[in-house]
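Reckoned from all heavy atoms, side chains included, excluding hydrogens, waters and symmetry mates.
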Amino acid sequence: MIKRLYILLPVLLLLIQSPSYTQEKEKEITISAASSLTDVLKELGTTFKQKTGIKAVFNFGSSGSLYQQIEKGAPVDVFISADQDIVDKGIKAEVLESSTKTILLKNTLVLIQPKASELKIKKLEDLQLPEIKRIAIGNPSSVPAGKYAEEVLTKNNLNISLKEKFIPAENVRQVLDYVGREEVEVGFVYITDAAIAESKVKIALTLSGHKPILYPGILVTGTKNSEEAKSFLEFLKKSPEAKETFIKYKFILP
C-alpha cells in the first residue's frame, strides 16, 4: 500500500501543477445596459475580451427596470442607461458612483412602420388617421424611448387623443418586434433599432422636440470589480474599435 502511494505521489503533484489546476478563474464583469445597445455591446464584449481577457456578461432591458434591479441589490458592476435622469437619480441615492459617470453615445428617436406598409405618414398628426389603430410605445415610466415619445406627442398635443391606440411595451426592442411582425401599424424606437431590422421595418418620421437622447455609463457603488469595470468604460469611450463599431450601428458619438 505504501509503495503504491510513493508511485502515485509524483503523478498527483504533476496534475496539481498542470495549467488546468493552477489557472486562475477568468475575470468577469456584469453590465446592465439599455435594450437598444444589445447588438453593439455583444459585439464589443467579444472585442473587449480579446484585448483584455476580461469577460463581459450582459443583462439587457429597459433602463428603468434595470435600475430597479440594481437598487434592490442585483450584482452589477456597470450600468449603461438610455436616460440621464435615471442615472442622476441613482447618483443622488448613492447607488451609482458619481465620479465614474461618462456620456458614451447619443441616439435619434424615429417612428417606424412595417416594411410592406402602404400607409403614407408625413407628419405626427397623421397618427390620428382611422387606418392607424395600434401604436407601439415603450412604457414611459420605465422605457426611455417611450418617455421621449411621450414628450414629443405632448408637445404636439397628441398624447391624450392617441392614448386609446397605444400598445405598451416593456422595452424598445419589444416595440421593434411588434412593428416587424406587423402587429401594429407604427411604433416609436431609436434609429439604431430601425437599422438592425431594416428588412422588416422602415422609418416613417425622424422626430425631435424631446430631451437629448444620451447614454451615460457608470459604475455601481460597491462593485468588487472596480478596476475591470473602469477599464470597460474606458474601452467603450476611447478605443478605436468601440468608436468604429458604434458608428457601424448608427449611434452618434458625443
Legend entry - Heavy-atom donor-acceptor pair, Lys243 side chain to Leu253 backbone, under 3.5 Å: no
Legend entry - Pairing of Asp39 and Lys248 as salt bridge, 4.0 angstrom limit: no
Legend entry - Lys200 side chain vs Arg181 backbone, donor-acceptor pair below 3.5 Å: no
Inset, instruction - Decide yes or no on side chain to side chain contact (heavy atoms under 4.5 Å, CB included) for Leu119 and Glu131, but give the supporting numbers first. - result: CA-CA 8 Å; Leu119 278 171; Glu131 298 95 314; 3.6 Å; yes
Legend entry - Test item: Ser226 and Leu219 side chains (from C-beta on) under 4.5 Å apart, heavy atoms: yes
Inset, instruction - State, yes or no, whether a side-chain contact exists between Tyr67 and Val95 at a heavy-atom distance under 4.5 Å. - result: yes
Inset, instruction - Taking the side chain as every heavy atom from C-beta outward, state whether Arg173 and Phe60 have any pair of such atoms under 4.5 Å apart. - result: no
Inset, instruction - Evaluate salt bridge (charged side-chain N to carboxylate O under 4.0 Å, His left out) for Glu241 paired with Lys51, printing each intermediate quantity in order. - result: CA-CA 10 Å; Glu241 296 96 332; Lys51 285 191 75 173; 3.4 Å; yes
Legend entry - Residues Glu125 and Lys123 bridged, charged N to O under 4.0 Å: no
Inset, instruction - Return the orientation label for the His210 and Tyr148 ring planes: parallel under 30°, perpendicular over 60°, tilted otherwise. - result: tilted
Inset, instruction - Could you tell me how the ring of Phe232 sits relative to the ring of Phe48: parallel (under 30°), tilted (30 to 60°) or perpendicular (over 60°)? - result: perpendicular
Legend entry - Residue pair Ile135, Leu162: steps toward the side chain to side chain contact (heavy atoms under 4.5 Å, CB included) verdict: CA-CA 8 Å; Ile135 301 169; Leu162 294 174; 4.2 Å; yes
